[in-house]
Protein chains: 2
Amino acid sequence: MGIRLQTVPEPKYRHLKTVIGEALDHEFRVGEVLPNERELAARFGVARATLRQALEQLELEGRLQRRRGVGTTVAPPRVGVEVGSENWPGAPCDPWQARDAHRALPPTAVAELLGTGDEPVHVLTRVRLDEALPVATELLYVPAASVPGLSAIDAAGGAARARAVLRELGHLGPEGEDRAVELGSAGAEDARRLDRLPGSPVLLVTTRFFAEGATAAVSVATYRADTCRLTFGADGAGVEIAPACQAS
Amino acid sequence: MGIRLQTVPEPKYRHLKTVIGEALDHEFRVGEVLPNERELAARFGVARATLRQALEQLELEGRLQRRRGVGTTVAPPRVGVEVGSENWPGAPCDPWQARDAHRALPPTAVAELLGTGDEPVHVLTRVRLDEALPVATELLYVPAASVPGLSAIDAAGGAARARAVLRELGHLGPEGEDRAVELGSAGAEDARRLDRLPGSPVLLVTTRFFAEGATAAVSVATYRADTCRLTFGADGAGVEIAPACQAS
DNA sequence: GAGTGGTCTAGACCACTGA
DNA sequence: CAGTGGTCTAGACCACTCA
């Protein structure tokens with residue numbers, strides 16, 4: 001029989017994806033709105049569910065943006081977000097904005113990384129913006145031992161306390177960090193903060209910060225997978241690194 | 001009206017996801033097969049499509065594994081794959097296996113990174129295995145200028161030629177690298193090599209390798225998002241890095 | 001209130017796996 | 001071959017946005 005090039009016909013939704021994808025490249029501009037789903041489905045002669053399967057994949061790839069009640073628009077290229085040489089929490093260039101702080105027991109997975117048994121830790125909630133749009137949310141777990149200068153029970157709550165913890169963290173001698181990236185889906189809380197629906201795909205970045213021979217903090221950051229490209233700066237010579245951090 | 005805690009009921013599929021997710025934690029072991037989709041849908045009193053929405057998200061999170069003709073099984077924890085201190089292509093610890101090599105025009109995006117205008121480059125196809133299972137595929141683009149020792153038109157094809165290119169690359173003086181991670185979906189080719197369906201979510205890792213003041217090569221690697229957690233080794237003191245690479 | 005995408009149903013048939 | 005997940009249909013209603 002020779003080589004089997006196309007034993008089985010390509011599923012409709014995949015063909016649709018190709019066709020629409022090409023149309024996006026040639027016939028649409030960034031921000032332009034597509035015809036609505038019922039219209040598109042009719043035009044291609046498929047059920048709406050089938051069309052949606054194609055649109056979902058294009059959205060996953062960051063080519064489309066869909067918003068309930070509004071419509072489907074052509075997405076801009078993903079923004080590069082520097083993660084690799086992310087600054088130590090509390091350092092002047094730290095791109096995160098503190099929102100809140102409280103004390104709580106970390107999830108067991110985090111507790112293991114921190115090596116603090118059943119002790120409660122500081123939990124900071126932070127947000128990372130790009131052009132005023134949220135691109136990530138973060139939970140930063142800081143053991144009490146990492147911020148000895150902080151009065152154990154401080155009445156200051158919320159953002160003010162968060163900044164106090166960060167200030168103390170900034171005084172430690174950074175010794176490096178450790179990172180893992182994996183795919184996840186946004187929980188209800190994260191989805192709200194990222195202005196997405198729960199279940200949207202996100203990139204989960206877990207970072208361990210080391211100082212003075214111990215794990216000083218663990219960060220679990222949730223980046224919008226549709227709009228973000230995580231970048232890890234060059235660690236060699238001859239290449240420009242982001243220059244000085246700008247005040248903002 | 002006070003605080004609105006639950007204005008709208010949670011969608012069924014999301015509730016299903018929670019319920020099944022908890023069941024996975026408590027009542028199933030890794031590798032165990034779940035009842036089939038029709039059975040589960042009936043048991044939960046929902047349409048099969050609704051059930052599938054829940055299963056899809058659980059699969060996205062790496063908690064389930066579904067295979068046509070076989071069934072749905074509980075997935076093992078994701079494997080950590082070291083990416084950060086990935087060795088220079090052709091170095092002795094390089095975790096990739098060369099499969100093929102040919103000369104071709106790179107995609108325009110890659111051509112821009114390489115800075116080789118319209119010139120064809122070497123394109124190596126490589127695979128990365130973990131425990132004998134493929135976790136990633138890669139296209140490595142190597143400009144002719146990076147491998148001057150290679151006879152321009154060498155009759156040796158396939159894996160042999162790929163190894164020749166890598167050998168030459170290994171002679172360069174590495175000056176660092178540059179990396180970006182984003183979400184994508186597997187193309188037909190990648191899907192086949194990764195033993196997944198086309199369109200499955202993947203982590204796209206684009207790496208620039210620098211040597212002698214120029215971009216020596218660009219790698220576009222496609223990691224299975226369901227089974228992989230990309231790790232970026234510590235760059236500080238006091239933390240163990242992967243020891244010597246074992247011959248394999 | 002009109003129009004959008006999001007959820008859901010109850011079917012059907014197909015492609016693939018493994019016994 | 002029987003049983004699995006994958007694709008597809010033609011509807012329906014809901015939640016949300018914005019004029």
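The listed nucleotides are C/dC8, D/dG5, C/dG5; the one nearest the side chain of B/Lys12 is C/dC8. When each of C/dT4, D/dC8, C/dT7 is scored by its nearest atom to the side-chain atoms of A/Thr50, the top-ranked nucleotide is D/dC8. In this structure, the nucleotide among D/dG5, C/dT7, C/dT9 sitting nearest to the side chain of B/Arg52 is D/dG5. You'll find that the side chain of A/Thr72 is closest to C/dG5, out of C/dT9, C/dG5, C/dA12. Looking at the side chain of B/Gln53, the nearest of the listed nucleotides C/dA10, D/dT7, C/dT7 is C/dT7. Closest approach to the A/Ala47 side chain among D/dT9, C/dT4, D/dT7 is made by D/dT9 (side chain taken as heavy atoms from C-beta onward). For B/Val70, whose side chain is taken as the heavy atoms from C-beta onward, the closest listed nucleotide among C/dT9, C/dT17, C/dG6 is C/dT17. For A/Ala49, the listed nucleotide lying nearest its side chain is D/dT9; candidates were D/dT9, D/dT4, C/dC13.
Counting all heavy atoms, side chain and backbone alike, B/Leu51 lies closest to B/Glu37 at CD2-O, 3.3 Å.
Between B/Tyr13 atom OH and C/dT7 atom P there is a gap of 4 Å when expressed in whole angstrom units. Rounded to whole Å, the distance from CD on A/Glu37 to P on D/dT9 is 14 Å. To the nearest angstrom, C1' of C/dA10 lies 12 Å from CZ of B/Arg38. Distance, A/Leu34 CG to C/dG3 P: 18 Å, rounded to whole Å. Here the C1' atom of nucleotide D/dT4 and the CG atom of B/Leu64 are 15 Å apart, to the nearest Å. Rounding to whole angstrom units, CZ of residue B/Arg196 and C1' of D/dG6 are separated by 12 Å. Atom P of nucleotide C/dG5 and atom CZ of A/Arg68 are separated by 12 Å, given to the nearest angstrom. Distance CG (A/Leu51) to C1' (D/dC8): 13 Å, rounded to an integer number of Å.
With salt bridges taken as basic N to acidic carboxylate O contacts below 4.0 Å, none links B/Arg63 and B/Glu59. Salt bridge absent: B/Glu56 and B/Lys17 never bring a charged side-chain N and a carboxylate O closer than 4.0 Å.
Here the CZ-CG distance, from B/Arg128 to B/Asp94, works out to 8.5 Å after rounding to the nearest 0.5 Å.
Between B/Arg48 and C/dT9 there is no side-chain N or O to OP1 or OP2 distance below 4.0 Å. In terms of phosphate contacts, A/Asn36 brings a side-chain nitrogen or oxygen within less than 4.0 Å of OP1 or OP2 of C/dT4.
Between A/Phe232 and B/Phe232, the two ring planes are parallel [angle under 30°; tilted spans 30° to 60°].
Residue contacts shown for A/Leu197 are limited to sugar-phosphate atoms, with no base heavy atom under 4.0 Å away.
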